[in-house]
Amino acid sequence: MINLRDKGADIWERSNRIERTFIALGFIALAASLPFFGGTFLNTPIADYESVLVYPIAMFVLMAIGLNIVIGKSGLLDLGYVAFFAIGAYTMGLLGTRTSLNTWEILPIGIAMAMFSGVILGVPALKLRGDYLAIITLGFGEIVRIVALNLGTLGRSEGILNIPTPPSVFGVEYSFDSHRIYYWTLLILILFAIWMVRRLSVRRAGRAWESIRQDEDAAELMGVPTFKYKVWAFVLGASVGGAAGVFYASKTLFIAPDNFTLQISILILACVVFGGMGNIWGVILGAVILGYLPDRIRFLSDARLLVFGLVLVIMMNLRPDGLLPRKKREKPLPKQVQ
Amino acid sequence: MKKRGLISVAAAAALAAASLVAYAPASNAAAKTITLAFQGPLTGEEAQVGQDELAGMLYAVKLFNAKNKGKYVVKVVRADDQGDPAQAAKVAPGIASNKKVIGLVGAAYSGATIASLPFYKQRNLAMVSPSATRVSITDPAAGAIGFPVFHRVVVTDKVQGPSLFKLATKGVSSPKVFVVDDQSAYGVGLVDYMKPGIPAGQSAGFDSVSDKTTDWSATIAKVKTAGANVVIYTGYFPQAAVFFKQLRDSGYTGVLAGGDGVLSPSFVTLAPASVLEGVRLTAGTVPLADISDKLEADFQKKMGKASGVYAAESIDATNIFLSCVSKGVSTRAAMLKCVKKFKGKSLTGANLSFDKNGDVAGGVMNGFEVKAGKIVFTGPVK
Amino acid sequence: MSNSIISLKNVTMKFGGVTALNDVTFDVKQGEILGLIGPNGAGKTTVFNVITGVYQITSGAIDFDGKSLSGTKRYKITKRGIARTFQNIRLWGDMTALENVVTATDTHKKSGLLSGLFGMPISRKEEKRDKARAQELLDFIGIGEYADRLARNLPYGVQRRLEIARALGTNPKLVLLDEPAAGFNPSEKVELAATIRKIRDAGYTVLLIEHDMSLVMKVSDRVVVLDFGQKIADDVPNKVQNDPRVIEAYLGVPEDAS
Amino acid sequence: MFGNFLDQFWSLTFGGLSLGFIYILIALGYTMVYGVLRMINFANSEVFMVGTFATIIIIRDVFKFTQTSEYATGPRLWLILGTALIASMLVSGILSVLIELVAYRRLRRMNSGILAPLISAIGVSMVLAESMRIMTDSRPVASPRAMEKSFIGKFFDADIRLDNTIIIVAAIILLAILMAFVNKTRLGKAIRAVSMNGNAAKLMGINIDGVVSITFLVGGLMTGAAGFFYVLKYENSSFSIGFELGIAAFTAAILGGIGNIKGAFYGGLVLGLLETYASFFLGTQWKAVTVFVILVLVLYTRPNGLFGEAMTQSRA
């Protein structure tokens with residue numbers, strides 16, 4: 001099967017610094033211009049195209065990048081990622097409605113809260129064997145939702161209303177219906193997350209995660225403080241989820257426990273695996289497709305989730321490593337030994 | 001072999017999908033085409049409520065189109081929000097900016113309604129919800145966030161909560177009432193508005209049970225230790241049927257009661273008649289079969305399934321828009337004006353109009369009782 | 001005993017009802033190559049596992065560099081200067097040979113995650129230094145030209161050597177080699193013997209598990225023999241070879257295929 | 001509160017036990033597959049859901065019961081129950097084998113790791129749940145009552161009900177048959193061999209694909225039985241019940257120690273009881289929280305689950 005990822009990597013490697021800058025800018029420009037394609041075949045029936053770009057697409061991309069640190073880079077199966085998204089959103093909801101802090105001031109607080117809960121969850125959970133981590137994280141996701149559902153201060157099932165939009169920045173107004181502005185802001189957050197992940201991947205942390213993913217025991221015996229790096233992966237993943245949550249709450253103006261179900265965790269996981277676990281471009285592509293698809297096929301009406309399920313089955317069978325898999329750039333040598 | 005298997009599965013699914021795509025009335029060149037929208041959960045776990053309401057709306061539209069052949073063709077856009085505020089927030093702007101849509105039946109759920117409101121308010125699209133009962137949407141004390149576009153033909157929890165308590169305890173000497181909610185905004189809201197009206201000494205306790213619960217042993221044990229003789233469930237009928245069944249099977253003999261979420265023709269099919277005998281229910285309107293058996297039969301014939309919980313409300317909500325359509329309304333502004341001023345009759349024959357916040361004016365609570373496997377209307381709750 | 005780098009004192013290791021090591025005592029002296037042999041199931045790899053903290057010993061004591069190892073976390077044991085290879089190769093297959101070694105050198109990095117994130121000078125300097133060091137080690141082991149290949153695509157012999165290079169990457173005082181010659185042909189074994197001596201000569205102490213008697217006897221300065229979890233001999237190679245208990249231990253069990 | 005608890009102790013315990021047995025049987029669907037493939041069979045929850053519908057069809061459509069029918073008694077009752085049990089088991093068992101073919105086999109041959117099959121199985125569950133939703137008009141479906149829920153005795157203060165008793169007895173018999181199958185038969189031994197060491201089993205000439213199919217079949221049969229018991233006890237089903245019960249049963253499998261049958265057994269019992277007691281003490285809304293907190297505590301002190309056989313402490 002053609003490996004687009006390798007093709008891309010080849011082109012990238014053969015380019016010089018200036019060419020690379022142009023390629024990168026080209027992609028950013030293309031992503032930034034997406035809101036202008038509402039009139040084309042890209043348009044989504046019924047749902048508003050530009051809203052779909054903000055949520056789920058851009059929001060999923062951001063969360064998938066975050067989850068990819070946990071699952072793609074360090075191989076930890078996290079089924080409760082929605083918890084961090086919820087914690088970010090509720091931080092925004094509470095502080096936004098009860099204090100005079102604005103979205104930009106709450107953003108770091110929300111990220112900190114998500115990171116803190118990443119530590120709270122990670123420290124006990126990450127000592128467990130890999131397979132058990134899945135159920136513990138799943139439980140954590142549910143606990144966060146149930147707490148929100150039962151605590152009066154969090155509005156219980158009614159949720160939190162009238163969450164403020166972000167104040168204007170450099171004259172750019174954020175109104176609840178200026179989807180493009182939100183989309184571009186998210187794009188900046190996404191670029192920042194990509195920068196962070198790429199920066200870490202090529203250095204010590206990236207190698208540590210990679211070694212943990214491939215053989216955790218061997219990593220520890222080679223002096224990698226595996227536990228510390230697993231917690232770090234968790235906490236960084238959480239920070240991205242938290243940031244997404246804060247921004248999400250500030251966009252929809254209203255949050256309720258129903259927004260943070262286990263299905264979101266599973267969908268984001270699907271984005272990561274579907275796109276190509278461990279490869280950030282694959283993950284982004286996966287999130288774009290899985291975020292976009294259900295709205296694009298709304299004309300199927302009743303059957304759209306059924307078709308969505310079928311797409312997952314068929315695609316995973318055809319491309320088990322995802323659309324753009326992680327690097328496998330070498331041809332195996334003839335003398336390869338199993 | 002393998003691949004062919006997959007492809008044939010895909011093909012079968014595609015066929016299935018194609019056959020499910022809604023049947024749209026053939027438009028007549030001379031007729032004026034009007035588009036209305038429905039918003040509610042049509043797929044996913046909450047799909048039932050939305051599918052039932054949509055059926056009610058389509059039923060009303062079908063009648064209207066048949067009656068006005070050559071004059072009007074009303075089309076329905078289906079906006080599936082899965083009952084989820086997050087989905088609603090991306091569907092609503094789509095509907096809001098679809099200029100053809102001049103009226104919206106929905107949203108089915110309060111949470112989805114709240115998430116959608118800003119977009120409809122901005123684009124001046126009149127909404128009439130058959131089932132969003134949360135008080136805060138129209139409550140001036142909570143900012144009346146629905147004003148001016150939001151209307152509802154269903155009575156709010158504020159009215160229903162106390163009525164339900166009244167009906168449940170009617171004729172019970174020294175009642176001890178145990179109230180169970182389903183953790184939904186609807187169920188919790190009902191309890192919140194019921195609580196202040198419960199006289200001292202009549203409360204036996206409260207429980208809050210996820211609507212995904214299958215085993216009710218613990219709640220039943222609590223009911224028993226509390227010595228309750230009246231149990232009220234504020235949730236929807238599928239769970240109510242299971243809960244009541246388990247409660248009765250465990251030997252509980254007291255009164256059982258529920259709100260309009262339980263009042264569905266399907267409710268009595270979910271448990272043996274002997275178990276549900278005497279269950280008391282409240283609702284703003286009545287099931288189609290209680291209005292007339294003929295109506296229900298016609299509904300089943302035209303829609304191919306039994307009517308659901310908010311069928312009457314959905315039909316009422318749709319009829320409000322349709323009556324405006326037959327008055328020649330074809331723009332959003334005119335529609336909103338027309339809906340605000342609407343004065344007419346509901347399916348039950350009661351007067352139907354809205355107060356200035358969009359609530360149904362003078363709504364009454366009706367009482368019902370299950371008798372021999374049927375839900376029977378017992379008159380307004382006083 | 002003062003120049004011993006690691007000493008095992010009365011080490012016993014039990015798994016449920018099975019005693020894998022029974023009252024084993026020996027030490028490894030600074031700068032020597034100690035061969036650890038014994039029939040299959042004698043407990044050789046268990047010795048490696050208790051030294052590197054994979055298992056916590058049931059009783060006894062292990063001192064490294066004069067200080068006890070008990071309760072030390074695995075990665076800290078490595079940091080203190082013990083590195084190992086694995087009998088069944090356990091490289092990180094999706095990393096290049098160089099990355100495998102660089103990851104091991106990370107043990108001694110000062111820069112953490114945040115300084116890496118913000119590209120602080122210390123991080124950049126260490127990266128450069130360690131990549132150079134890793135390349136040096138690959139050259140030292142004789143597989144320098146494979147630096148940029150993914151580990152799982154390397155020929156078997158290179159993978160075995162890469163395991164050694166990776167162990168050296170942690171900058172250890174003591175290197176534990178677990179059957180480094182498994183699956184090698186005679187000429188490769190000769191090369192390996194030279195490499196092991198070269199490692200010793202470079203200042204590392206080596207503890208070697210090996211099935212190939214002639215190789216062990218050739219390179220080891222001293223040999224410890226285990227049988228059924230017990231030490232039955234501890235002496236210079238040619239004395240061990242003639243020890244009747246050792247001969248009995250080897251003849252008493254069926255010859256093993258490797 | 002505690003006095004109240006003692007009053008209700010036996011009722012709660014019986015309720016919890018019969019729920020626990022349903023969990024056990026579903027958990028077997030997870031644990032057997034996990035034992036052999038080291039994969040979470042995400043679609044097992046929908047195998048259960050389909051099993052409940054098989055029972056309902058037998059009772060409602062084959063034996064024509066309605067909510068107002070007379071209850072069956074005597075031999076006819078046992079015929080109905082037996083037919084429904086076998087039908088659910090077969091439908092679920094076959095479905096489970098098909099799921100393996102569609103969602104797992106190709107990926108397994110390609111050695112694709114655990115995540116691709118997980119997502120593929122999630123896709124299968126969506127397809128199954130959504131198809132069932134469309135077929136049932138998104139409605140819950142009731143199973144008419146075929147047998148009287150009579151009390152057959154008293155234990156301390158608690159009534160012993162016939163349906164609960166049938167569930168517990170039948171489940172124990174099924175488990176005994178399963179244990180005998182796994183421990184005594186050639187096929188069972190092959191399953192155990194593969195779950196202990198897949199490669200070695202392959203070398204010894206065991207047909208891995210066959211063993212995997214059998215494992216899915218057996219897991220599906222047990223899950224289907226759970227579907228029958230569920231309908232017997234709760235008399236209803238819906239397209240969406242799989243998810244919740246699946247998560248609970250999976251938790252039970254983990255709690256007990258996933259990958260072995262004993263673990264599923266104890267895990268299911270402990271979870272069934274724990275949920276019921278916790279709901280009583282802390283309020284039903286905190287049930288899930290309690291369960292997960294206890295799960296964390298258990299795994300923290302016993303990393304292989306309550307009754308998990310310690311696999312080697314570490315692979316190094």
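Letters go in sequence order (proteins before strands), and every chain restarts at 1.
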(Q) Out of A:Arg199, A:Arg198, A:Met196, A:Glu210, return the one with the most heavy atom pairs under 4.5 angstrom to chain C. (A)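 The residue among A:Arg199, A:Arg198, A:Met196, A:Glu210 with the greatest pair count is A:Arg199.
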
Between A:Ala205, A:Pro225, A:Ala218, which has the largest tally of heavy atom pairs under 4.5 Å with chain C?
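Of A:Ala205, A:Pro225, A:Ala218, A:Pro225 has the most heavy-atom pairs under 4.5 Å with chain C.
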
With sequence neighbours left out, the residues meeting side chain to side chain donor-acceptor pair (under 3.5 Å) with A:Arg207 are C:Asp106, C:Glu127

Sorted by chain and number, sequence neighbours left out, side chain to side chain donor-acceptor pair (under 3.5 Å) with C:Gln135 holds for C:Asp139

Tightest non-hydrogen contact, residues C:Trp92 and A:Gln214, listed as C-OE1, 2.8 Å

Evaluate whether atom [atom1] of [X] has more than 12 neighbouring non-hydrogen atoms of other residues, nucleotides or ligands under 6.0 angstrom away.
{"X": "C:Phe140", "atom1": "CZ", "value": "yes"}
{"X": "A:Met113", "atom1": "CE", "value": "no"}
{"X": "A:Leu25", "atom1": "CG", "value": "yes"}
{"X": "C:Lys125", "atom1": "NZ", "value": "no"}

| query | With a 4.0 Å cut-off, would you call C:Asp130 and A:Arg204 a salt bridge? | reply |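 Not counted as a salt bridge, because no side-chain N and carboxylate O are separated by less than 4.0 Å.
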
Output for pair (C:Phe48 CZ, A:Leu221 CG), nearest 0.5 Å, gives 12.0 Å

Find the distance between OG (A:Ser211) and CZ (C:Arg90) and round it off to the nearest 0.5 Å.
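Reported to 0.5 Å precision, the distance equals 12.0 Å.
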
field: Close side-chain approach of A:Arg203 and C:Arg124, heavy atoms under 4.5 Å
entry: yes

Do A:Met222 and C:Asn100 have side chains that get closer than 4.5 Å, going by heavy atoms? no

**Message:** Less than 4.5 Å to any heavy atom of chain C: does that hold for the side chain of A:Phe227, its backbone, both, or neither?
**Reply:**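 For A:Phe227, no heavy atom lies under 4.5 Å from chain C.
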
If one checks every heavy atom of C:Thr103 against chain A at 4.5 Å, the contacting part turns out to be both

A:Glu220 vs C:Val54, test: side-chain contact (heavy atoms from CB on, under 4.5 Å). Steps then yes/no.
CA-CA 10 Å; A:Glu220 198 172 13; C:Val54 174; over 6 Å; no

